[in-house]
*Asks:* 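Got a structure here, written out as C-alpha cells. Questions coming.
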Amino acid sequence: MRCKFCERPAFIKLHYPKMYLCEEHFKEYFERKVKRTIERYKLLRPDERILVVVSGGKDSAVTAYILKKLGYNIECLHINLGIGEYSEKSESYAKKQCEALGVPLHIVRVRELLGKGIGEVKTRRAVCSYCGLTKRYIFNKFAHDNGFNAVATGHNLDDEASFIFANLMNWNTQYLAKQGPLLPGEGKFVKKVKPLYELTEREVVAYALANGIKYMVEECPYARGATTLEYKAILNEMEEKRPGTKINFVKGFLRKKKLFEAELQEVELKECRICGMPAQGKKCSFCNFWGLEKPLEFNGRITPP
Ligand code: SF4
Ligand code: ZN
Ligand code: ZN
C-alpha cells in the first residue's frame with residue numbers, strides 16, 4: 001500500500017481516520033495532533049518551564065522528545081522506585097533518552113530518600129496505590145521547589161479511556177471530576193498536562209519506532225494482573241470492531257464532565273504540618289504514609305546540564 005499523501009510505501013495503517021501513511025507523513029500527523037491538543041486544551045505557553053516525568057518507557061520518552069522538538073523549555077525528572085532490577089533498568093533508559101535529547105535529567109531515588117523501595121513497605125494499602133501517591137507527591141514537590149510552571153506526563157488515549165472506563169464502572173465520581181488533559185495549578189499544586197491525550201498507544205509505539213527512540217519494554221512486576229489492563233483489553237476489542245470508540249468515549253466524557261464536577265465535595269485544604277504542602281488533615285497523605293518527621297527538600301537538587 002502507498003501513503004495517502006505521496007508515492008512512498010505505507011509505514012502504518014491508521015484505523016481512525018482510516019488511512020495509510022508513510023513514515024514522514026505519519027510523523028507530521030502525530031506532531032500536528034500533539035500541537036492541536038496543546039492548543040485546544042490550552043496546556044502550555046511557550047515561555048513556561050516544563051518538567052517532564054520520564055519513566056524510561058515509551059510514552060514519557062515520546063512526550064519529552066516531541067515537546068523538545070516543538071521548541072518547549074523542558075527538563076526531565078526520573079523517579080527510581082526502588083523495585084529491584086526493573087527500576088535499575090528504567091533509570092538507565094531514562095538516562096539514555098535524555099542524553100540523546102540533550103536535556104537535563106534529575107533523578108530522585110525512593111530508597112535513598114525514604115529508606116525503602118516501592119513494594120517493601122508493610123501496609124494493607126495496595127502497592128500501586130501508595131506508589132501512585134508517592135510519585136505524584138515527588139513530582140509535584142520537585143516541580144514546586146524548583147520553580148517549574150508545569151509537569152508533563154506521558155498518559156496516552158488508551159490510558160485515559162481505560163481510567164475513565166474503570167472509574168465509571170465503580171462510580172468514582174470524585175476521581176472522574178478531576179480527570180482531563182489539563183489539571184490547572186493551584187496554590188502549591190503545579191499545573192499537570194498530558195500532551196499525548198488524543199494519541200493511541202499504537203500510534204505512540206509507531207512514533208517511537210519512526211524516530212529511533214529506545215525505551216524500556218518490560219512492565220513493572222506489580223502491573224501484572226492490574227484491572228486497568230483488563231479494561232484496556234476490552235476497549236481494544238471494541239476499537240477493533242468500531243474504530244474511533246476510544247476517542248469518542250474520551251471526548252464525550254470531557255463534554256459531560258460537568259455532571260461529575262457537580263458532585264465534587266469541597267474540602268478545605270490546610271497546610272501539612274511536616275512539609276507545608278496542601279493537606280486534608282494535619283499531615284498530607286504522603287508524610288502520613290511514610291511517617292515523615294521532617295520535610296523532603298528538593299530545592300537545589302537541580303543537576304547541571
Ligand atoms: Fe507503581 Fe508499578 Fe504499580 Fe505502576 S505498576 S503504579 S510503577 S507499582
Ligand atoms: Zn507520505
Ligand atoms: Zn506533608
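What you see is a predicted model; the values in this text were computed from it and never measured. Nothing fancy with the numbering, it's 1 onward along the sequence. Atoms within each ligand, like the ligands themselves, are counted from 1 in listed order.
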*Asks:* Protein N/O/S atoms under 2.8 Å of the Zn ion (ligand 3)?
*Replies:* C272 SG, C275 SG, C284 SG, C287 SG
*Asks:* Please examine the side chains of Y207 and K58, heavy atoms only from C-beta on, and report whether any two atoms are closer than 4.5 Å.
*Replies:*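 Not touching, per the 4.5 Å side-chain cut-off.
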*Asks:* Determine, stepwise, if the pair H78 / K95 fulfils side-chain contact (heavy atoms from CB on, under 4.5 Å).
*Replies:* CA-CA 9 Å; H78 175 73; K95 278 184 187 154; over 6 Å; no
*Asks:* Atoms of ligand 1 less than 4.0 Å from L81 heavy atoms?
*Replies:*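 Those qualifying, in numeric order: 7 (S).
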*Asks:* Give a yes or no on whether the backbone of Q174 and the side-chain of N167 come within a donor-acceptor separation of less than 3.5 Å.
*Replies:*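 Here the side-chain-to-backbone pair does not exist.
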*Asks:* Hey, are K89 and Y93 close enough side-chain-wise for a donor-acceptor pair under 3.5 Å?
*Replies:*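 Note: Y93 and K89 side chains miss the donor-acceptor criterion.
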*Asks:* Can you list the residues that meet the ring pair (Phe, Tyr, Trp, His ring centres under 6.0 Å) rule with Y231, with sequence neighbours excluded?
*Replies:* F165
*Asks:* Using modelled atom types only, decide if a donor and an acceptor are shared between the side chain of N156 and the backbone of T200 within a distance under 3.5 Å.
*Replies:*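 A pair under 3.5 Å: no.
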*Asks:* For the Zn ion (ligand 2), report each protein N, O or S atom nearer than 2.8 Å, sorted by chain and then by residue number.
*Replies:*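 Correct list: C3 SG, C6 SG, C22 SG, H25 ND1.
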*Asks:* Are side-chain heavy atoms of Y197 and L43 found at a separation under 4.5 Å?
*Replies:* no
*Asks:* Kindly indicate whether the side chain of L264, heavy atoms from C-beta on, has any atom under 4.5 Å from the side chain of K178.
*Replies:* yes
*Asks:* Would you say the side-chain atoms of T228 and S162 include a donor-acceptor pair closer than 3.5 Å?
*Replies:*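 S162 and T228 do not have a side-chain donor-acceptor pair below 3.5 Å.
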*Asks:* For atom 3 (Fe) of ligand 1, check which protein N, O or S atoms are under 2.8 Å away and list them.
*Replies:*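 Result, waters dropped: C128 SG.
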*Asks:* What part of K135, side chain, backbone, both or neither, has a heavy atom within less than 4.0 angstrom of ligand 1?
*Replies:*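 Answer for K135: side chain.
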*Asks:* Taking atom types as modelled, find out whether Y65 and Q97 have a side-chain donor-acceptor pair closer than 3.5 angstrom.
*Replies:*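 Judged by distance alone, the side chains do not pair up.
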*Asks:* Using a 3.5 Å distance criterion without hydrogens, assess whether the side chain of K68 forms a donor-acceptor pair with backbone atoms of L101.
*Replies:*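 Present.
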*Asks:* Is there a donor in the side chain of E203 and an acceptor in the side chain of Y29, or the other way round, less than 3.5 Å apart?
*Replies:*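 Yes, a side-chain donor-acceptor pair sits under 3.5 Å.
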*Asks:* Determine whether H106 and E75 make a side-chain contact, defined as any pair of heavy atoms from C-beta on separated by less than 4.5 Å.
*Replies:*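 Counting from C-beta outward, H106 and E75 do come under 4.5 Å.
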*Asks:* Side-chain contact test, heavy atoms from C-beta onward, threshold under 4.5 Å: evaluate it for I138 versus V110 and give yes or no.
*Replies:*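 Yes; the side chains approach each other to less than 4.5 Å.
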